[in-house]
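Worksheet: the structure to be examined is printed underneath.
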Amino acid sequence: MLSLAPALSAANEPKGTMGVALDDELEMALEAIERGDRYGLDRALARLEGTRHGKQVIPYLEVQWLLDRVGEAPSAVAARLREHPDIPLMPRLKRRYLDHLADTEAWGEYRLVFDRAPEINPGVGRQCAYWQAELVLDGTLSEEQSDAALAVWERGRSQPEACDPAFDWLDANGYLDESAYRARVRAAVEAGQDGLARYLVRQGPTGLAAYRDRWQSLRDRPAAAVPALIEAEGDAEEITQGLLWLAKREPARAREWVARAASQELIDAEQAGSVSRLAALKAAYLYQPQGHKWLTEVPLAARDEEVWTWTVRSALRHLDWSRVKTSIDAMPDELTERREWRYWRAVADDHLGQSTAARTVWRELATTPDYHGFLAADRLGIAYPLPADQGEPPTPSDEAVATLANNPWLSLAFALHRLDRPEDARRLFNHEIDGLDDDVLPALAYLADQADWPDRASVVIARMDKLHDPAWYATRFALPHRALVEAQAERQGVPAEWIYSIMRRESLFMRDIGSGAGAQGLMQLMPATARWVNRQAGLGVSPRQLADPGTNVALGTAYIGHMAERFEGQYPLATAAYNAGPGRIQGWLPEVPLPGDVWVDTILFDETRAYVQAVLAGMVTYRWRLTGEPRRLGELLSVVTPGDDRE
């Protein structure tokens with residue numbers, strides 16, 4: 001069998017099965033595929049025949065061969081899709097085959113393959129191609145398909161060319177009437193797609209230009225356009241949208257005009273509530289003192305989690321402990337019971353002279369080793385609830401390991417991981433994990449840990465709901481590339497635990513991943529940032545090689561060091577800057593000195609707030625992993641001073 005981990009040595013495997021040595025044959029096959037060497041692939045496949053998992057591994061490799069040869073062997077692709085729809089690679093092969101069929105206008109086969117297993121998320125282009133197949137084959141679309149195609153057409157952005165035949169059919173059959181054009185013009189204006197709006201005015205019925213101009217005026221000059229609309233007793237939807245745009249720019253004026261529109265019954269209570277909500281939130285986002293009062297005045301029907309939480313954050317930002325407490329108490333129960341709000345309510349109690357109640361809550365929170373648990377422990381001056389030692393995770397039973405070894409896709413996933421093919425390894429691993437029984441998950445987490453596969457070990461631990469289990473804590477906070485990290489930490493003068501915590505949060509130690517924005521590698525650096533820091537720090541590395549751990553960690557650590565220098569060693573600010581960009585931090589600085597924990601929990605962006613909390617808590621844990629003793633979170637949370645003090 002393809003062994004799951006080095007722990008399954010050849011000596012422990014039954015005779016006639018395939019162990020780690022099979023990696024050579026698998027690597028031979030994959031290299032032959034990359035070379036386009038069919039003869040070499042056939043030799044490797046012959047060596048796999050008759051083995052324990054050969055029936056699964058061979059079709060997998062055949063699909064790998066076909067992925068880049070869909071146009072050369074369409075009949076072979078079609079056969080594979082029919083015969084092996086459950087192979088993990090099949091969705092990718094199906095998407096490529098559908099693209100080939102659309103390019104060659106093989107619409108009968110396209111429709112057949114589209115409707116057949118495996119299920120895929122086709123995306124807009126392939127869905128539109130399916131509608132084109134329907135039109136070519138049947139000459140019409142069903143009512144459901146017509147409605148779906150119209151919904152795509154009415155989006156405020158240009159759509160793929162593959163949608164043009166369906167759009168032409170909608171036009172010819174009367175679906176693209178004036179109301180449809182108005183809906184799309186409005187959507188285009190709201191999305192800032194003025195070029196599309198101009199195109200629609202040219203293509204659509206007469207009178208659209210004035211409609212577009214009204215919406216653009218509302219968007220670009222709401223302070224002038226909204227009063228005029230209200231004076232003219234205009235359309236309720238236009239008034240509401242104009243007020244929403246005004247609320248983003250001038251929340252106080254939006255509140256004034258929404259009151260007038262509501263009093264004149266030009267908008268209904270729901271529309272007025274949506275404007276009041278946005279204006280109040282905008283004031284809170286700007287840390288304006290009136291934000292809290294405005295949020296408390298938002299109608300109950302318009303209050304959502306954002307309103308409830310920012311009502312607290314607004315009071316917290318201004319250190320108004322009485323309002324912090326009453327705002328938390330007013331929340332729905334499911335929010336009040338969250339650890340963040342339990343911690344801050346206890347802080348408010350402490351400031352209001354109810355220290356006994358506060359300490360009771362902090363003691364409960366301090367039993368969990370997370371951000372607010374560490375804060376609570378600091379308030380009490382007690383030890384953190386970290387394990388006494390950093391021993392190995394629980395050794396699994398032979399039966400559990402054997403069960404996993406019998407799974408061909410997991411076996412292949414571990415083999416691909418050993419061969420440094422991380423993307424396909426993760427894909428196969430993820431394909432199988434949801435179907436596993438819970439009783440074998442600890443064995444899988446153990447084997448992933450032993451195989452130096454920290455990202456998949458962490459995924460399994462999360463699936464087991466053992467995030468804070470002492471037995472798995474060291475496994476969750478792995479120490480890959482330790483020599484590299486410690487060398488770069490010393491070179492740049494930053495703590496190794498900071499590098500590890502950012503790396504874990506950014507990539508979970510997956511060196512090959514990238515973000516939709518273009519960030520790459522272990523520390524998720526943008527190429528432009530990598531080039532800049534390479535010049536700034538004089539590293540002399542190649543920013544083009546961001547998937548290389550050495551390059552990525554060197555550049556990422558240098559950038560951390562730059563953020564630390566820019567923000568005077570204040571870890572919360574520098575960490576927030578690493579995530580959101582240093583330019584945004586200036587706008588988030590307080591007008592008066594603010595406790596570090598207050599500043600973190602009132603960061604504007606949800607993503608950045610959670611990021612900073614996770615990184616700072618991770619620094620505590622990684623100091624424990626590296627030295628055996630945790631770093632106190634309070635040491636990382638110095639008072640944040642006003643922006644003017646930092647100039």
(message) Show, in sequence, the C-alpha distance, side-chain angles and deciding distance for Gln570 and Ser638, and conclude whether the side chain to side chain donor-acceptor pair (under 3.5 Å) test is met.
(response) CA-CA 7 Å; Gln570 291 199 289; Ser638 55; 2.9 Å; yes
(request) Check the pair Glu306, Asp606 against side chain to side chain contact (heavy atoms under 4.5 Å, CB included), reporting the backbone distance first and the verdict last. (result) CA-CA 10 Å; Glu306 189 78 353; Asp606 291 347; 4.0 Å; yes
(request) Test side chain to side chain contact (heavy atoms under 4.5 Å, CB included) on Tyr371 and Val600 and set out the steps. (result) CA-CA 11 Å; Tyr371 179 76; Val600 169; 3.5 Å; yes
(request) Test Leu589 against Gln586 for side chain to side chain contact (heavy atoms under 4.5 Å, CB included), laying out the working first. (result) CA-CA 5 Å; Leu589 294 176; Gln586 190 67 31; 3.7 Å; yes
(request) Let me see the working for Arg456 and Asn430 under side chain to side chain contact (heavy atoms under 4.5 Å, CB included), right down to the final yes or no. (result) CA-CA 9 Å; Arg456 293 310 91 186; Asn430 296 342; 2.7 Å; yes
(message) Apply side chain to side chain donor-acceptor pair (under 3.5 Å) to residues Gln613 and Asp370 and explain how you reach the verdict.
(response) CA-CA 9 Å; Gln613 291 171 353; Asp370 63 5; over 6 Å; no
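At least one donor-acceptor pair under 3.5 Å links the side chain of Arg584 to the backbone N or O of Ala580. For Arg95 (side chain) and Ile120 (main-chain N/O), no donor-acceptor pair under 3.5 Å exists by modelled atom type. In terms of modelled atom types and a separation under 3.5 Å, the side chain of Thr602 and the main chain of Val598 share a donor-acceptor contact. Between the side chain of Ser501 and the backbone N or O of Trp498, no donor-acceptor pair lies under 3.5 Å. Here the side chain of Asn552 pairs no donor or acceptor atom with the backbone of Ala547 at under 3.5 angstrom. Under a 3.5 Å cut-off, the side chain of Arg80 and the backbone N or O of Glu62 do not form any donor-acceptor pair. Side chain of Asp548 to backbone of Thr551: a donor-acceptor contact under 3.5 angstrom is found. In this structure, Ser515 contributes its side chain and Ala519 its backbone to a donor-acceptor pair below 3.5 Å.
Residues Tyr285 and Trp310 place their aromatic rings such that the two centres sit under 6.0 Å apart. In this structure, the ring of Phe605 has its center less than 6.0 angstrom from the ring center of Trp588. Here the two rings, on Trp453 and Phe414, have centers that are under 6.0 Å apart. The aromatic ring centroids of Trp341 and His372 lie 6.0 Å or more from each other.
Using a cutoff of 4.0 Å between basic side-chain nitrogens and carboxylate oxygens, Arg96 and Asp99 are not scored as salt-bridged. Using a 4.0 Å cut-off between a side-chain N of Lys or Arg and a carboxylate O of Asp or Glu, Glu364 and Arg342 qualify as a salt bridge. Looking at Arg313 and Glu340, a side-chain N of the basic residue comes within less than 4.0 Å of a carboxylate O on the acidic one, giving a salt bridge. A salt bridge between Arg632 and Asp378 is present, with a side-chain N of the basic residue lying under 4.0 Å from a carboxylate O of the acidic one. Here Asp455 does not pair with Arg511 in a salt bridge; the nearest charged N to carboxylate O distance is not below 4.0 Å.
Between the side chains of Asp597 and Tyr343, a donor-acceptor pair is found at a separation under 3.5 Å. Counted by atom type alone, Gln56 and Tyr60 present zero donor-acceptor pairs between their side chains at under 3.5 Å.
Using a 4.5 Å heavy-atom cutoff, the side chains of Pro91 and Lys94 are not in contact. Residues Arg463 and Asp438 have side chains in contact (heavy-atom distance under 4.5 Å, counting atoms from C-beta outward). Side-chain contact between Leu539 and Gln492 is present, with at least one heavy-atom pair separated by less than 4.5 Å. In this structure, the side chains of Val553 and Met503 come closer than 4.5 Å at one or more pairs of heavy atoms. Between Arg426 and Met510, the closest side-chain pair of non-hydrogen atoms falls below 4.5 Å. Using a 4.5 Å heavy-atom threshold, the side chains of Tyr446 and Pro394 count as separate. Taking 4.5 Å as the limit, some side-chain heavy atom of Met464 sits within range of a side-chain heavy atom of Val460. Here the side chains of Val639 and Pro595 are not in contact, with every heavy-atom distance at 4.5 Å or above.
One distance of note links CG of Leu479 with CD of Glu486; it measures 8.0 Å at 0.5 Å rounding. To the nearest 0.5 Å, atoms CG (Leu67) and CE (Met90) are separated by 9.0 Å. Taking CE from Met28 and CG from Asp37, the interatomic distance works out to 10.5 Å, rounded to the nearest 0.5 Å. One distance of note links OG of Ser458 with CZ of Phe509; it measures 7.5 Å at 0.5 Å rounding. Remark: Thr608 OG1 to Asn579 CG distance equals 4.0 Å, nearest 0.5 Å. Distance check: Met523 CE to Ile499 CD1 gives 6.0 Å after rounding to the nearest 0.5 Å.
Summarising the local packing, CD of Glu490 is surrounded by 12 or fewer heavy atoms from other residues, nucleotides or ligands at distances under 6.0 Å. Within 6.0 Å of CD on Glu629 lie no more than 12 heavy atoms contributed by other residues, nucleotides or ligands. Heavy-atom contacts from other residues, nucleotides or ligands closer than 6.0 Å to CZ of Arg421 number more than 12. Within a 6.0 Å sphere centred on CD of Glu607, other residues, nucleotides and ligands contribute 12 heavy atoms or fewer. Enclosure of atom CZ in Arg43 is not indicated, since only 12 or fewer non-hydrogen atoms of other residues, nucleotides or ligands lie within 6.0 angstrom. Summarising the local packing, CZ of Arg38 is surrounded by more than 12 heavy atoms from other residues, nucleotides or ligands at distances under 6.0 Å. Annotation for Glu565: atom CD does not count as buried by contact number, only 12 or fewer foreign heavy atoms lying within 6.0 Å.
The ring pair (Phe, Tyr, Trp, His ring centres under 6.0 Å) test with Phe477 is passed by exactly one of Tyr622, Trp472, Tyr500: Tyr622. Under the side-chain contact (heavy atoms from CB on, under 4.5 Å) test applied with Leu428, the options Ser411, Pro88, Pro408 reduce to a single match, Pro88.
A parallel orientation is assigned to the rings of Tyr611 and Tyr578, their planes being inclined by less than 30° (bins at 30° and 60°). Below 30°, between 30° and 60°, or above 60°: for Tyr473 and Trp624 the angle between ring planes is between 30° and 60°, a tilted geometry. Under the 30°/60° scheme for interplanar angles, the aromatic rings of His562 and Tyr559 are found to lie parallel.
Within the cation-pi definition used here (under 6.0 Å to the ring centroid, within 45° of the axis), Arg69 qualifies as a partner of Trp65. Seen from the ring of Phe374, Arg631 does not count as a face-on cation partner, given the 6.0 Å and 45° thresholds.
Of all heavy-atom pairs between Pro385 and Thr368, the closest is CG-C, 3.7 Å. Of all non-hydrogen atoms in Ala415 and Leu26, the two that sit nearest each other are CB-CD2, 3.7 Å. Nearest heavy-atom pair across Arg427 and Asp424 is NH1-OD1, 2.5 Å.
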